[in-house]
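All heavy atoms count here, side chains included; hydrogens, waters and symmetry mates do not. Each chain gets a letter, A, B and so on, in the order the sequences are listed, and its residues count up from 1.
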Amino acid sequence: MTMQLYNTLNSRKEPFTPQSPDRVTMYVCGPTVYSYAHIGNYRPPVVFDTLARVLRRRFGRVDYARNITDIDDKINAAAAKEGVDISVITDRYTAAYHADLQSLGVEPTTHEPRVTKHLPQIISMIETLISAGHAYAAEGHVLFNVPSYPDYGKLSKRDTREMLAGARVEVAPYKKDPGDFVLWKPSSPELPGWDSPWGRGRPGWHIECSAMSEAVLGETIDIHGGGHDLVFPHHENEIAQSTCAHGGKTYARYWMHNGFVNVNHEKMSKSIGNVLLVKDLLQTLPGEVIRLVLLTGHYRQPLDWTDEVASDARKKLDRVYGALRDLGDVKSAEGVTAPDAFIAALEDDLNTPMALAELFDLVRAANKADNDADKARIKAQLLDAGHLLGLLQQTPAAWFATASPSSASGITPEEIEVLVAARLTARANKNWAESDRIRDELKAKGVLVEDSKDGQRWRML
RNA sequence: GGCUGCGUGGCAGAACGGUCAUGCAGGGGACUGCAAAUCCCCGUACGUCGGUUCGACUCCGGCCGUAGCCUCCA
C-alpha cells in the first residue's frame, strides 16, 4: 500500500511519492513570535512532527523546515509598547515556543529559518519577480500583480473577480489591481527597517515563506503544511510568488492543512477570553496528555478542547503506561516494530484515531500475554508505536509518579514510601483496618495505592 | 452572497456498500480480605426526506442544522 495524503490542491487523498525516493522535503508555516502561543498554534507542529516521524520511517530522510517569523507589525507593536528592540521580544517568545515544543514531544526540525536572517534572499526574490513582470514598485511599496499569474486562486478555489465583490478592505490607491498584495513595504524612521532597492522598509507577510523555503529546501518541495486558515491568502500568495519566481516550476507538490482547535465549542478569541496558552496548560497537564489530545481527532477535522477530552487523554495514557508497567522488566524484542495495521493507519493520511485504536488492541494483547516471548514482542511493538506518535517517552514509573502535577498535595515520594511500608507491615499481620486506613490517608493526599501480585504500587491521582 | 467542510451511540472519535472500530462512562461476571488494576460478556448510533442497489451509516440529490475562509489569524 502506498502512502496516502490528502492534498488541498486537488481536494482528495492521493498516493504520496517524494521527488527523491529516499528524501522528503517539507515546509510548515511556523509562529510569529510576538506573544505566548496557544493550544491552536501547536496543532501544526504536533501534527507535522508526527507526519515527519512516519515519513522518516518510510523514506529514510526528511528535510523539514518550520520557520520563525521574527519580522512583523505585531512584533513591532509589542516592542514599542515595552520600549525595547524587537529582538528582545522575538528572543523571548522564540525561547518560550521551543520550551513548549519540547514539552509536547516535538522533535527539532532540520531547519528553522528566520526572516531576519533571510533579507537578502527575500530582496533577491522580489527583484526577480519585478524583472519577470510579476511585480512592480509603487510609492515605496512593491506589489505582486495578481493578474500576471493566471492560476491564482487554484489552491483556495477562488475566482479572483468574484472576490472583489466581497472585498471588505479598502483598496490602496497605488495598486494596479485590487487583488495585488504587498511584497515589500516602507518603514517610517521609528519602525524597524532594512535597506533595499526600494528604500528602507520591511518584507510583506507572504514573501518570507517563499524565500526561506527556496533557501533551505529548494525550488520545489514535496509537502507544504499549515493551519487551514492559511489556505487563503497566505498559501495562495506563496504559490503565486514562488511559481512566478521560478519560471513556472511547481512550488509544493502536496498541500496539507490542519483543522482549528476550538475551546468548549467556541472559537478561541481574546474577546471571549478563552485563549488557552500551552505554557499555562502545562502547569496542570503533562505534555504527553496535550499531545495526545491533539492526535485524538483526525488532523483535518476541527478539534474541540474541553476539560473532558484532556482527562480522557490522561486516562488513555494511564491505560497504556499501565500495560507497559505490567510488562515489567521483560526486555523488548530486538528488531520488532509497530504492527503493520498501526503503520498503515498512519500512512493513510495520518489517521491517528485509527492508529490509536490499533495501539489499544496492542494494550489488550499486552495485558493478556502470559509468556516472556509474547511480552517481549508486544513491548517492542508498543514502544515503537509510541515513538511514532511521539508518546510513551518516559518510564511507567515516571508517568505514574508525575502524571498529575495539578493535584500534587506536597507529599514527597519519601513520605509516600514510609506510609506504604507501614501498610505492608499491617498487611503482613492481616491488620486490614490499619491497611485500609493508610490507603485512605494516602488517597486523601492524592495517592492511589494498588495491591498487585508483585506487592503494593502507587500513583498520583 | 461566494467558496470549502461537517452532522455517528451518554461523551470523545474512526472505518467501511452486506461482518468488532477504539477510549472513557454505564450494566453483569472473574480475580481480590476489601479495593484498585486486569480479563470476559452486554446496552445505547449513524440529522432529515427521497433516489441508486439484492442490500447504504457508507454512493447520488433536496432539505434542515453547524463550522471555517472571503486579503490580522495555526
Side-chain angles (χ1 to χ4, degrees), chain A residues 8 11 28-32 37-48 72-74 146 153 156-169 171 178-182 204-206 225-234 236-237 257-262 265-270 292-294 296-298 300-304 306 308-320 322-323 325-326 345 348 351-361 363-364 366-368 370 427 430-433 435-436 439-440 443 448-453 456-459 461:
Chain A
T8 305
S11 305
V28 174
C29 291
T32 300
H38 57 65
I39 181 68
N41 292 307
Y42 287 99
R43 196 171 188 189
V46 166
V47 163
F48 290 102
D72 180 271
D73 287 353
K74 288 193 286 283
V146 168
S156 52
K157 280 101 189 154
R158 269 162 226 271
D159 184 311
T160 49
R161 285 164 309 181
E162 286 182 4
M163 276 161 45
L164 300 181
R168 55 185 192 191
V169 169
V171 177
D180 292 354
F181 57 90
V182 172
W205 172 35
H206 314 295
H228 197 259
D229 57 317
L230 296 181
V231 174
F232 188 87
H234 187 54
E236 196 71 72
N237 292 357
H257 296 96
N258 63 271
F260 260 42
V261 177
N262 295 319
H265 320 294
E266 289 183 307
K267 182 173 177 171
M268 255 187 288
S269 80
K270 284 177 184 163
L292 178 55
V293 170
L294 293 175
T296 292
H298 186 86
R300 277 192 280 124
Q301 300 307 131
L303 182 80
D304 198 27
T306 62
E308 189 174 10
V309 298
S311 102
D312 278 359
R314 159 90 191 280
K315 289 176 192 165
K316 287 177 190 180
L317 285 167
D318 278 343
R319 179 162 165 80
V320 183
R325 175 179 59 186
D326 289 344
D348 182 10
N351 192 333
T352 50
M354 189 181 239
L356 286 166
E358 296 295 337
L359 182 72
F360 283 106
D361 282 351
V363 167
R364 181 173 297 101
N367 286 331
K368 289 170 73 171
D370 59 1
R427 295 178 64 72
K430 294 202 188 303
N431 185 349
W432 306 128
S435 169
D436 291 351
R439 186 167 67 194
D440 290 344
K443 191 172 184 183
L448 178 70
V449 183
E450 301 172 351
D451 298 312
S452 75
K453 62 177 163 47
Q456 300 180 79
R457 64 190 183 202
W458 57 268
R459 62 191 241 216
L461 280 173

Close N or O pairs between protein and nucleotides 16-21 of chain B (under 3.5 Å):
none

Could you list all N or O pairs between the protein and nucleotides 27-32 of chain B that sit under 3.5 Å apart?
none

Show the distances under 3.5 angstrom between N or O atoms of the protein and N or O atoms of nucleotides 34-36 of chain B.
| unit_1 | atom_1 | unit_2 | atom_2 | d |
| --- | --- | --- | --- | --- |
| C34(B) | O2 | R439(A) | NH2 | 2.5 |
| C34(B) | N3 | R439(A) | NH1 | 3.1 |
| C34(B) | N4 | D451(A) | OD2 | 3.2 |
| A35(B) | N6 | D451(A) | O | 2.9 |
| A35(B) | N1 | D451(A) | N | 2.8 |
| A35(B) | N1 | D451(A) | OD2 | 3.4 |
| A35(B) | N3 | R439(A) | NH1 | 3.1 |
| A36(B) | O2' | E450(A) | OE2 | 2.8 |
| A36(B) | N1 | D451(A) | O | 3.2 |

What N/O pairs connect the protein and nucleotides 39-42 of chain B at under 3.5 Å? Give each pair on its own line.
| unit_1 | atom_1 | unit_2 | atom_2 | d |
| --- | --- | --- | --- | --- |
| C39(B) | OP1 | R319(A) | NH2 | 3.4 |
| C39(B) | OP1 | N367(A) | ND2 | 3.2 |
| C39(B) | OP2 | R319(A) | NH1 | 3.4 |
| C40(B) | OP1 | K368(A) | NZ | 3.1 |

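Atom CG in N262(A) sits 12.0 Å away from atom CD1 in I39(A) (nearest 0.5 Å). If you take CG on D312(A) and CZ on R314(A), they are separated by 12.0 Å, rounding to the nearest 0.5 Å. Note: N258(A) CG to F48(A) CZ = 5.5 Å, rounded to the nearest 0.5 Å. Going from atom CG of D370(A) over to atom NZ of K368(A) covers 10.0 Å, rounded to the nearest 0.5 Å. Distance NZ/K316(A) to OG1/T296(A): 4.0 Å, rounded to 0.5 Å.
Between C24(B) and U19(B), the distance separating the two C1' atoms is 25 Å to the nearest Å. A21(B) and G9(B) have their P atoms separated by 14 Å, with the value rounded to a whole Å. Nucleotides C59(B) and C46(B) are separated by 16 Å at their C1' atoms, to the nearest Å. Here, C49(B) and C57(B) have their C1' atoms 16 Å apart, quoted to the whole Å.
Taking R325(A) as the reference, E450(A) meet the salt bridge (Lys or Arg N to Asp or Glu O under 4.0 Å) condition, with sequence neighbours excluded. Contacts of Y42(A) classified as ring pair (Phe, Tyr, Trp, His ring centres under 6.0 Å), with partners at least two apart in sequence or in another chain: Y97(A). Partners of D361(A) under the salt bridge (Lys or Arg N to Asp or Glu O under 4.0 Å) rule, at least two apart in sequence or in another chain, are R364(A). A search for ring pair (Phe, Tyr, Trp, His ring centres under 6.0 Å) contacts involving F181(A) returns F144(A), H206(A), not counting sequence neighbours. With sequence neighbours left out, D326(A) forms a salt bridge (Lys or Arg N to Asp or Glu O under 4.0 Å) with R457(A). Looking at residues two or more places apart in sequence or on another chain, you find no ring pair (Phe, Tyr, Trp, His ring centres under 6.0 Å) involving W458(A). Here H38(A) pairs with nothing under the ring pair (Phe, Tyr, Trp, His ring centres under 6.0 Å) rule; sequence neighbours left out.
Two residues are said to be in side-chain contact when any heavy atoms from C-beta on lie closer than 4.5 Å; T8(A) and R300(A) fail this criterion. A heavy-atom distance below 4.5 Å is not found between the side chains of V47(A) and T352(A).
Under the stacking definition used here (centres under 5.5 Å, planes under 30°), the residue F260(A) fails to qualify as stacked on the base of G68(B).
Here K74(A) lies in heavy-atom contact (under 4.0 Å) with sugar-phosphate atoms only. Contacts of G297(A) with the nucleic acid, taken as non-hydrogen atoms under 4.0 Å apart, involve only primed sugar atoms and P, OP1 or OP2.
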Using Watson-Crick or G-U wobble pairs with both distances under 3.5 Å, give me RNA chain B in dot-bracket, 5' to 3', with [ ] for crossers and | for pairs to another strand. (((((((..(((.....[...))).(((((.......)))))....(((((..]....))))))))))))....

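Distance alone, capped at 3.5 Å, places no donor-acceptor pair between the N351(A) side chain and the A345(A) backbone.
Across U22(B), C3(B), A74(B), the shortest atom-to-atom separation from the side chain of F360(A) is found for U22(B). Across G33(B), A37(B), C70(B), the shortest atom-to-atom separation from the side chain of S435(A) is found for G33(B). The side chain of E308(A) lies closest to C11(B) when the candidates are C11(B), C69(B), C6(B).
In this structure, G43(B) shows a glycosidic angle within 90 degrees of zero, which is the syn conformation.
Salt-bridge formation is detected for the pair D436(A)/R439(A): a Lys NZ or Arg NE/NH1/NH2 atom is positioned less than 4.0 Å from an Asp or Glu carboxylate oxygen.
The separation between Q301(A) atom CD and U66(B) atom P is 19 Å, rounded to whole Å.
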